[in-house]
Undergrad: 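Provided herewith is a single structure, encoded as structure tokens, for subsequent inquiry.
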Amino acid sequence: MIPLSHSLIIAALLFTLGLLIIMLRRELLFILMGLEVMFNGAALTAIAAGQYWTNADGQVLTIFLTVVTAAELAIALILVWLVFERLNTTRADNLKLLKDNIDRGPP
Amino acid sequence: MYEIIFYLTAAVTVLAAGSILIVRNPIHAALYLVIALLALALLFFLLGAPLLAALQVMIYAGAIMVLFLFLIMVMNLRPTQEQLPFLSAGWKVPAFLALILWLELLVLFFGLLPEPADETITVIEPKVVGESLFGPYLLVVEAAAILLLAALIAVLYLSRKKRL
């Protein structure tokens with residue numbers, strides 16, 4: 001039997017690594033990958049807690065977490081593609097426009 | 001013995017997730033992410049959640065990573081010059097981590113463990129999860145269906161050909 005604290009330590013490490021990826025990398029795809037790592041740390045927490053208390057709720061929570069991740073990732077990836085198509089960049093530093101006046105030029 | 005495999009897999013997960021932080025090529029980052037997700041599936045299995053392990057392999061390592069790889073290849077991303085370039089040895093490190101996972105899988109499958117001592121894993125069967133999912137959580141399942149439908153409509157709207 002794995003102690004609960006060890007699973008929680010691993011989950012916390014994963015979450016912290018995901019947060020570091022989001023904060024340090026400036027590519028949009030890397031930011032999304034860091035989000036995935038963070039979601040998986042949360043899922044490991046839920047599953048470890050569910051196994052500790054011999055309860056199926058942790059796995060149910062992880063299933064819903066997967067659903068939310070899939071929905072979020074589909075929309076985020078199409079937004080990244082639209083950004084690349086319009087601005088021809090994937091770096092988060094270059095996204096400085098709030099108003100879309102690319103096609104029409106400066107007014 | 002289970003503990004050894006568990007901690008080895010945890011080390012593989014953390015190493016692969018940490019490697020995403022420092023690689024330059026997006027394809028290599030996707031490789032490391034696949035390794036991390038597969039190792040996490042093995043962690044779920046060792047914790048006693050076989051349904052979630054299978055779902056992790058199918059949904060994360062199967063579907064979501066295909067989305068990532070598809071987008072990386074469509075956008076034709078170059079390696080960025082922004083990060084410290086060590087551990088960018090291409091496929092070798094992901095292959096090594098995957099080899100560790102594969103050896104663990106062989107050990108688990110063919111029963112190379114010395115003996116199943118008193119250490120037991122409390123397995124929560126998929127049947128229990130399903131009964132819980134369609135019993136007290138039925139309303140949340142419906143909400144998840146609506147969420148997926150909304151995401152589908154949003155993606156279709158965003159990826160339409162003709163700008164309105």
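Just so you know, these numbers come straight off a predicted model, no measurement behind them. Order of the sequence lines sets the chain letters (A, B, ...), proteins ahead of strands, with each chain counted from 1.
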Undergrad: Counting only heavy atoms closer than 4.5 Å, note whether A/E36 contacts chain B via side chain, backbone, both or neither.
TA: side chain
Undergrad: Who wins among A/L79, A/I63, A/T62 for the most heavy-atom pairs under 4.5 Å with chain B?
TA: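 Heavy-atom pairs under 4.5 Å are most numerous for A/I63.
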Undergrad: Can you tell which of A/I10, A/T66, A/N40 has the highest number of heavy-atom pairs within less than 4.5 Å of chain B?
TA: A/N40
Undergrad: Pick one of side chain, backbone, both or neither for B/L55, based on which atoms fall under 4.5 Å of a heavy atom in chain A.
TA: side chain
Undergrad: When the aromatic ring centroids of B/Y7 and A/H6 are compared, is their separation below 6.0 Å?
TA: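 Yes - the distance between ring centres of B/Y7 and A/H6 falls below the 6.0 Å cut-off.
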Undergrad: Which bit of A/L13 comes within less than 4.5 Å of chain B, counting heavy atoms only: side chain, backbone, both or neither?
TA: side chain
Undergrad: Any link between B/V14 and A/L8 through a network of hydrophobic side chains (Ile, Leu, Val, Met, Phe, Trp, Tyr) touching at under 4.5 Å?
TA: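 As far as the 4.5 Å side-chain criterion goes, A/L8 and B/V14 are not connected within one cluster.
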Undergrad: I'd like to verify something: which residue of B/L46, B/V123, B/L33 has the highest number of heavy-atom pairs under 4.5 Å with chain A?
TA: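 Maximum pair count with chain A is reached by B/L33.
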Undergrad: With a 4.5 angstrom heavy-atom cut-off, which part of A/L14 approaches chain B: side chain, backbone, both or neither?
TA: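 The side chain, not the backbone.
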Undergrad: Please state whether the side chain, the backbone, both or neither of A/L73 comes within less than 4.5 Å of a heavy atom of chain B.
TA: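 For A/L73, the side chain is the part near chain B, not the backbone.
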Undergrad: Heavy-atom pairs under 4.5 Å with chain A - which of B/L37, B/I59, B/L47, B/V155 has more of them than the others?
TA: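 Option with the greatest count: B/L47.
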Undergrad: Would a hydrophobic clustering, with Ile, Leu, Val, Met, Phe, Trp and Tyr connected at side-chain separations under 4.5 Å, put A/I75 with B/L152?
TA: no
Undergrad: Let's test your reading of the structure: which of A/T16, A/T69, A/T54, A/V37 forms the most heavy-atom pairs below 4.5 Å with chain B?
TA: A/T69
Undergrad: Can you give me the closest heavy-atom contact between B/I27 and B/M73, atom names plus distance?
TA: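 Scanning both residues, the minimum pair turns out to be CD1-CE, 4.3 Å.
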Undergrad: Starting from B/L149, can I reach B/L158 by hopping between I/L/V/M/F/W/Y residues whose side chains sit under 4.5 Å apart?
TA: no
Undergrad: With a 3.5 Å distance limit and no angle check, can you tell me whether A/R91 reaches the backbone of A/L28 through a side-chain donor-acceptor pair?
TA: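 No.
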Undergrad: With chain B, which of A/V67, A/L44, A/I47 has the greatest number of heavy-atom pairs at distances under 4.5 Å?
TA: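 Option with the greatest count: A/I47.
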Undergrad: Give, as side chain, backbone, both or neither, the part of A/L32 having an atom under 4.5 angstrom from any heavy atom of chain B.
TA: both
Undergrad: If I measure from the heavy atoms of chain A, does B/L40 come under 4.5 Å with its side chain, its backbone, both, or neither?
TA: side chain
Undergrad: Report the distance from atom OG of B/S19 to atom NE2 of B/H28, rounding to the nearest 0.5 Å.
TA: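 These two atoms lie 12.0 Å from each other.
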Undergrad: Tell me, side chain or backbone of B/Q56 under 4.5 Å from chain A's heavy atoms, or both, or neither?
TA: side chain
Undergrad: Work out which heavy atom in B/A30 is nearest to a heavy atom in B/L69; give both atom names and the distance.
TA: CB-CD2, 3.8 Å
Undergrad: Answer with side chain, backbone, both or neither: which region of B/F70 has an atom nearer than 4.5 Å to a non-hydrogen atom of chain A?
TA: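 B/F70 has no heavy atom closer than 4.5 Å to chain A.
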Undergrad: Does B/R160 count as lying over the ring of B/Y157, i.e. NZ or CZ under 6.0 Å from the six-ring centre, within 45 degrees of the axis?
TA: yes
Undergrad: With a 4.5 angstrom heavy-atom cut-off, could you sort out which part of A/I78 is near chain B: side chain, backbone, both or neither?
TA: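 Contact with chain B: side chain only.
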Undergrad: Without swapping roles, check the side chain of A/R86 against the backbone of A/W81 for a donor-acceptor pair under 3.5 Å.
TA: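 Absent.
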Undergrad: Cluster question for you: counting only ILVMFWY and a side-chain heavy-atom cut-off of under 4.5 Å, with indirect links fine, are B/L148 and B/V140 together?
TA: no
Undergrad: For the interface with chain A, which of B/I64, B/L51, B/V128 has the highest count of heavy-atom pairs at distances below 4.5 Å?
TA: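 Heavy-atom pair counts peak at B/I64.
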Undergrad: Looking only at heavy atoms, what is the nearest atom pair of B/L101 and B/I35, with distance?
TA: CD1-O, 4.0 Å
Undergrad: Looking at B/S132, B/G48, B/P136, which makes the most heavy-atom pairs under 4.5 Å with chain A?
TA: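 Among the listed options, the one with the most contacts to chain A is B/G48.
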Undergrad: Find the one option among A/A56, A/A70, A/G58, A/A48 whose heavy-atom pairs under 4.5 Å with chain B are most numerous.
TA: A/A56
Undergrad: Can you tell me which portion of B/L67 sits under 4.5 Å from chain A's heavy atoms? Options are side chain, backbone, both or neither.
TA: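 Both parts, heavy atoms under 4.5 Å.
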Undergrad: Do B/L15 and B/Y32 belong together in a cluster built from hydrophobic side chains that touch within less than 4.5 Å?
TA: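 Linked, B/L15 and B/Y32 end up in one cluster.
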Undergrad: Under a 4.5 Å heavy-atom cut-off, does chain A meet the side chain of B/A154, its backbone, both or neither?
TA: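 Answer is side chain: those atoms of B/A154 sit under 4.5 Å from chain A.
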